[in-house]
Protein chains: 2
Amino acid sequence: MDRYKTGIRTFPAGSDLYYQGETSDEMYTLLDGWVFRYQILEDGRRQILEFTLPGAFLGFQPNRQAPMTHSAQCITDVAACVFPSRNVFELFRANPELALRMAWITSRDWTLAQEHLTNIGRRTARERVAHLLLELFYRVRLCDPSPRGDSIELPLTQEHIGDALGLTSVHVNRTLRRLREANLVAVEGHTLRILDPDTLADIAGFDSEAVLQRPLSTEPRPLHG
Amino acid sequence: MDRYKTGIRTFPAGSDLYYQGETSDEMYTLLDGWVFRYQILEDGRRQILEFTLPGAFLGFQPNRQAPMTHSAQCITDVAACVFPSRNVFELFRANPELALRMAWITSRDWTLAQEHLTNIGRRTARERVAHLLLELFYRVRLCDPSPRGDSIELPLTQEHIGDALGLTSVHVNRTLRRLREANLVAVEGHTLRILDPDTLADIAGFDSEAVLQRPLSTEPRPLHG
DNA sequence: CGCGATTTTGATCAATGTCAAAGGTGGTGG
DNA sequence: CCACCACCTTTGACATTGATCAAAATCGCG
């Protein structure tokens, strides 16, 4: 895989890796920083589909000539490994193991999207927020297992959270306050502390197995890095 | 692929192909009938993730030992081609083209899930219903191009629609009535007629390209059939 | 014909959105 | 080092959407 990369590039916070509606001839392995995928409606309403962490693979679309179905924006400054998407399928044909990993990665993304669908479609604001915070907490932990403790760095605004959960940022604010008042979480600045993970998981109906989906040793690993 | 199938089986309407929380050692190519994938919360709330039509591939999960993250239920009587999932990865390794197709299929499912996320998260009830009806209309048409015309058979209850859209069936009913009163659609029994596709697409913010995603000839085809 | 499931409608209620304005915060340039 | 500015958070008052509860009408089917 390394042979095909065009190099490592950095992107400033707020910039987009690619845009919905345009074709993209690059793919990315996120090395450092946070990115989110999102869709925009004509009138500006925004749905955040997923927050992606280092290790994520971005920009793959099975149909290369088709315009991207979503955009991807950097939340923080980002470092990413860039690949041309020109010859993905040839590459996959030449390296079956890569195709397998791609299937694995896409499938995991899809499972996460399903959790998000259920979260948005069938849970209350309180449950949704609790669920997202737990998801991000455990995903960040998984991504960087070193800092044991009850807090992570969370570079999101309340608007990000709202757009991911189908809520307004105002309502996210009120919901977070109530969770704070119940001594379940503490969100100060860009730090999230999970004070009562069990109660929170109970509220959220959070199943860490379903959300985290680690690869098994006998099965494919991530594409890169 | 055919060499690996254990055979064609039929399932009655209302039965489940597999259940969330259990492991499954079978995969299915849907040959005839409608199926939906769904998740259930502890208290019974249900989220329908996707309605699947003939040609769909069901039951693949990258991590075979893990319990299924969702269930799959037959809406109508169903005929499906059944495969053991025991040795998917060996199979994929032996047939790289299959892995590629799997990546393609999963990626398409994921794209559809993204549309659903935006639909549920950021659209009003009226927009959601319009969007779903158009999606199903065009997908059914794509699946069976023979019956040109403005109507399709739609074997869903209003509760199915509600559970797919994060609404109650009561509200779906009222919303459908308003769409009918505006002469946009006609839903009688199990037949859906799209009377004014353009206005409807306008309301729904519906982009048929994004939802339908046909394979290109140079790129992978569906797994089977 | 009769029964269970589904659709339809009404009345009322709760959750969340909208609008508006007042604090905070961090970063940047003078 | 300070002042300013853009952006973010927080809070209040009020509006609206969609949920809930309940009951009647209708449909499909044995």
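The figures here come from the full heavy-atom set of this structure, side chains too, leaving out hydrogens, waters and symmetry mates.
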Indicate, with a heavy-atom threshold strictly under 4.0 Å, whether [X] touches base, sugar-phosphate, or nothing.
{"X": "B:Gly14", "result": "nothing"}
{"X": "A:Ser169", "result": "nothing"}
{"X": "B:Arg174", "result": "base"}
{"X": "B:Gly162", "result": "nothing"}

Check the distance between [N]'s [atom2] and [X]'s [atom1] and give it to me in whole angstrom.
{"X": "B:Leu154", "N": "C:dT7", "atom1": "CG", "atom2": "P", "result": "11 Å"}
{"X": "B:Arg122", "N": "D:dG18", "atom1": "CZ", "atom2": "P", "result": "13 Å"}
{"X": "A:Glu188", "N": "C:dG24", "atom1": "CD", "atom2": "C1'", "result": "15 Å"}
{"X": "A:Arg45", "N": "C:dT18", "atom1": "CZ", "atom2": "C1'", "result": "14 Å"}
{"X": "B:Glu159", "N": "D:dA19", "atom1": "CD", "atom2": "P", "result": "12 Å"}
{"X": "A:Leu156", "N": "D:dC8", "atom1": "CG", "atom2": "C1'", "result": "13 Å"}
{"X": "B:Leu179", "N": "C:dT8", "atom1": "CG", "atom2": "P", "result": "13 Å"}
{"X": "B:Ile161", "N": "C:dT8", "atom1": "CD1", "atom2": "C1'", "result": "14 Å"}

Closest to side chain of [X], choosing from [options]:
{"X": "B:Asn173", "options": "C:dT9, C:dT18, C:dT16", "answer": "C:dT9"}
{"X": "A:Arg180", "options": "D:dT10, D:dG18, C:dT16", "answer": "D:dT10"}
{"X": "A:His171", "options": "C:dT16, D:dT10, D:dG18", "answer": "C:dT16"}

**Prompt:** In this structure, which one of A:Thr168, A:Asn173, A:Asp163 forms a side chain to side chain donor-acceptor pair (under 3.5 Å) with A:Gln158?
**Reply:**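 Exactly one candidate clears the test, A:Asn173.
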**Asked** Using a cut-off of 4.0 Å between protein heavy atoms and nucleotide atoms, how would you tag nucleotides 22-30 of chain D 5' to 3' with B, S and -?
**Response** ---------
Would you indicate, yes or no, if [N] has its OP1 or OP2 atom less than 4.0 angstrom from a side-chain nitrogen or oxygen of [X]?
{"X": "A:Arg177", "N": "D:dT11", "result": "yes"}
{"X": "A:Gln158", "N": "D:dT10", "result": "yes"}
{"X": "A:Thr168", "N": "C:dT16", "result": "no"}

Please confirm whether the backbone N or O of [Y] pairs with a side-chain atom of [X], one donor and one acceptor, at under 3.5 Å?
{"X": "B:Ser169", "Y": "B:Gly162", "result": "no"}
{"X": "B:Gln61", "Y": "B:Thr69", "result": "yes"}
{"X": "B:Arg122", "Y": "A:Ile48", "result": "no"}
{"X": "B:Gln47", "Y": "B:Ala164", "result": "yes"}
{"X": "A:Asp77", "Y": "A:Ala79", "result": "no"}

**Message:** Using every non-hydrogen atom in the two residues, find where A:Asn183 and A:Leu195 come nearest and quote the distance to one decimal.
**Reply:**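 It is O-CB, 3.6 Å.
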**Message:** Working to the nearest 0.5 angstrom, can you tell me the gap between B:Arg37 CZ and B:Phe51 CZ?
**Reply:**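 If I round to the nearest 0.5 Å, the distance is 12.5 Å.
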